[in-house]
There are 2 protein chains.
Amino acid sequence: MKKEHDIRYELSAKKLKITPQRVKVLEAIYEMDNHPTTENVIDYVRKSDPNISAGTVYNILEVLVKNDLIKKVKTEKDVMRYDGMTENHHHLYCKQCDYIEDYTNSELDKILKDYFEQNKIDNFIIDEIKLSISGNFVIHKNKNH
Amino acid sequence: MKKEHDIRYELSAKKLKITPQRVKVLEAIYEMDNHPTTENVIDYVRKSDPNISAGTVYNILEVLVKNDLIKKVKTEKDVMRYDGMTENHHHLYCKQCDYIEDYTNSELDKILKDYFEQNKIDNFIIDEIKLSISGNFVIHKNKNH
DNA sequence: ATCCCAATTACGAATAATTCTTATATAAGA
DNA sequence: TCTTATATAAGAATTATTCGTAATTGGGAT
Ligand SMILES: [Mn+2]
Ligand SMILES: [Mn+2]
Ligand SMILES: [Zn+2]
Ligand SMILES: [Zn+2]
C-alpha cells in the first residue's frame with residue numbers, strides 16, 4: 001500500500017518548473033521506496049532516460065530537499081540517502097546490511113511529546129524528534145535484503 | 001567535567017599497538033570533544049605532529065571505530081563525524097549550524113525500554129535506540145557555536 | 001499558436017574526499 | 001637486542017560531488 005503521488009501537482013505546488021528530469025527523479029524515489037542513494041537514483045532514472053546528467057540529478061535532489069518534497073536520511077555511511085516520505089517518522093536500521101525501514105508510531109510520538117513538555121531541555125527548543133532504532137530483522141538472518 | 005581517559009590503556013585493552021599517531025588521534029577526539037570531522041582531527045593532530053599523513057588518520061579512525069573506542073555520528077551532511085563518547089547517548093542537533101550536543105537521560109531510556117518491551121516491533125530485535133533531537137539552542141541565536 | 005527569457009539541463013572540467021599501493025619504519029614480544 | 005608482523009608516509013588513483021558554461025526549454029505573456 002504505497003502512497004499515491006501526484007508528482008506534477010507536488011512540483012507545481014512548490015512553484016517548481018515541471019521538467020521531465022524532475023518528474024523522473026521524484027518518481028524514482030517514490031518507486032524505489034527504500035531510501036536510495038544518489039547513485040541509485042541516477043541508475044534508476046537512466047533506465048528510462050539514459051542521457052540524464054549526473055550533475056542534474058544532484059541539482060534536482062538538492063532542489064527537492066530544499067522544497068521539502070524529499071528528505072535526507074542520516075546514516076553512518078558517507079553516502080547520502082534520500083527519503084520520499086516527508087511526514088515525520090522513525091527508522092529501523094538493520095545491523096547486518098544497509099537496509100532502513102520506516103517506522104511510524106503516533107502513540108510513541110505522543111509519549112515523547114508529553115515527556116519533553118514535562119521535562120524541557122535547558123536552553124533548547126525542540127523542533128523534531130526522530131528515533132534511530134538499530135537492530136536485527138529476524139526474517140533475513142545472515143542474508144541481505 | 002570531562003571524562004578522564006587512559007588512552008594507552010584503552011588501546012592495549014583492545015590489543016592495538018600503541019603508536020604515537022593512534023594516541024594523538026584518540027587524544028584529539030577527546031580534547032576537541034564536539035564530534036569532529038576527519039578534517040578537524042587531521043588539523044588538530046598536525047598542530048603537534050605536522051607530518052602525520054591524512055591516510056594514516058583515516059586508517060586510525062577506522063580502526064578505532066572497529067574496536068569500539070569511538071563511534072561514527074549520523075548527520076545529514078556527507079562528511080563523517082566521530083564521537084569519543086561510546087556509552088549510549090542521544091544527540092541534540094542545532095538547526096542553525098552543525099553543532100551537535102550530547103544528551104544523556106537514563107529516565108527517558110527506561111521509558112523507551114519499557115515501552116518497547118510492551119510493544120515489540122514485528123520481526124525486529126532492537127539493539128539500540130538513539131534519539132536525534134533537532135531544534136534551536138536559545139543561547140546562540142543566529143550565531144554559530 | 002508563437003515568442004521570449006529566466007530557469008534548467010548537459011557536458012566536461014575542477015575540486016574534494018577517501019582509498020589504495022608500496023616502500024620504509026617501528027612497537028612489542030621472544 | 002633481534003625479529004617480524006603491523007603500522008605509517010607519501011603520493012597516485014579512485015570516487016563523489018560541485019562548478020562553469022553553452023545550449024535547451026517550460027510556461028507565462030502576447
Ligand atoms: Mn524513511
Ligand atoms: Mn555524542
Ligand atoms: Zn538487513
Ligand atoms: Zn548552533
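Residue Thr19(B) is classed as a sugar-phosphate contact, given heavy-atom separations below 4.0 Å to backbone atoms only.
Atom NZ of Lys15(A) is separated from atom P of dA6(C) by 19 Å (rounded to the nearest Å). For Arg81(A) and dA16(D), the CZ to P distance is 14 Å, given to the nearest whole Å. Rounded to a whole Å, the CD1 atom of Ile42(B) is 10 Å from the P atom of dA17(C). The separation between Asp43(A) atom CG and dT15(D) atom P is 14 Å, rounded to whole Å.
Each of Asn51(A) and Leu16(B) has a nearest nucleotide on DNA chain C; the 5'-most of these lies closest to Asn51(A). Comparing Val63(A) and Arg8(B) against DNA chain C, the residue whose closest nucleotide sits nearer the 5' end is Val63(A).
Within the structure, a side-chain polar atom (N or O) of Gln21(A) is placed less than 4.0 Å from OP1 or OP2 of dA10(C).
A donor N or O paired with an acceptor N or O is found under 3.5 Å between the base of dT6(D) and the side-chain atoms of Lys17(B).
Using the six-membered ring where Trp is involved, His91(A) and His35(A) have ring planes that are perpendicular, over 60° apart on the 30 and 60° scheme. Between Phe124(B) and Phe137(A), the angle of the ring planes goes over 60°, which puts this pair in the perpendicular group of the 30/60° scheme.
With 3.5 Å as the limit, one finds a donor-acceptor pair spanning the side chains of Tyr99(A) and Glu101(A).
Put simply, the residue from Leu11(B), Leu69(B), Leu64(B), Asn59(B) that forms a side-chain contact (heavy atoms from CB on, under 4.5 Å) with Arg22(B) is Leu11(B).
Here dT17(D) is the nucleotide among dA9(D), dT17(D), dC11(C) with the atom lying nearest to any side-chain atom of Tyr58(A). Comparing dT8(D), dT17(D), dT9(C) by their closest approach to the side chain of Arg22(B) singles out dT8(D). Listed candidates were dA10(C), dT8(D), dA10(D). Nearest to the side chain of Ser53(B) is dA10(D).
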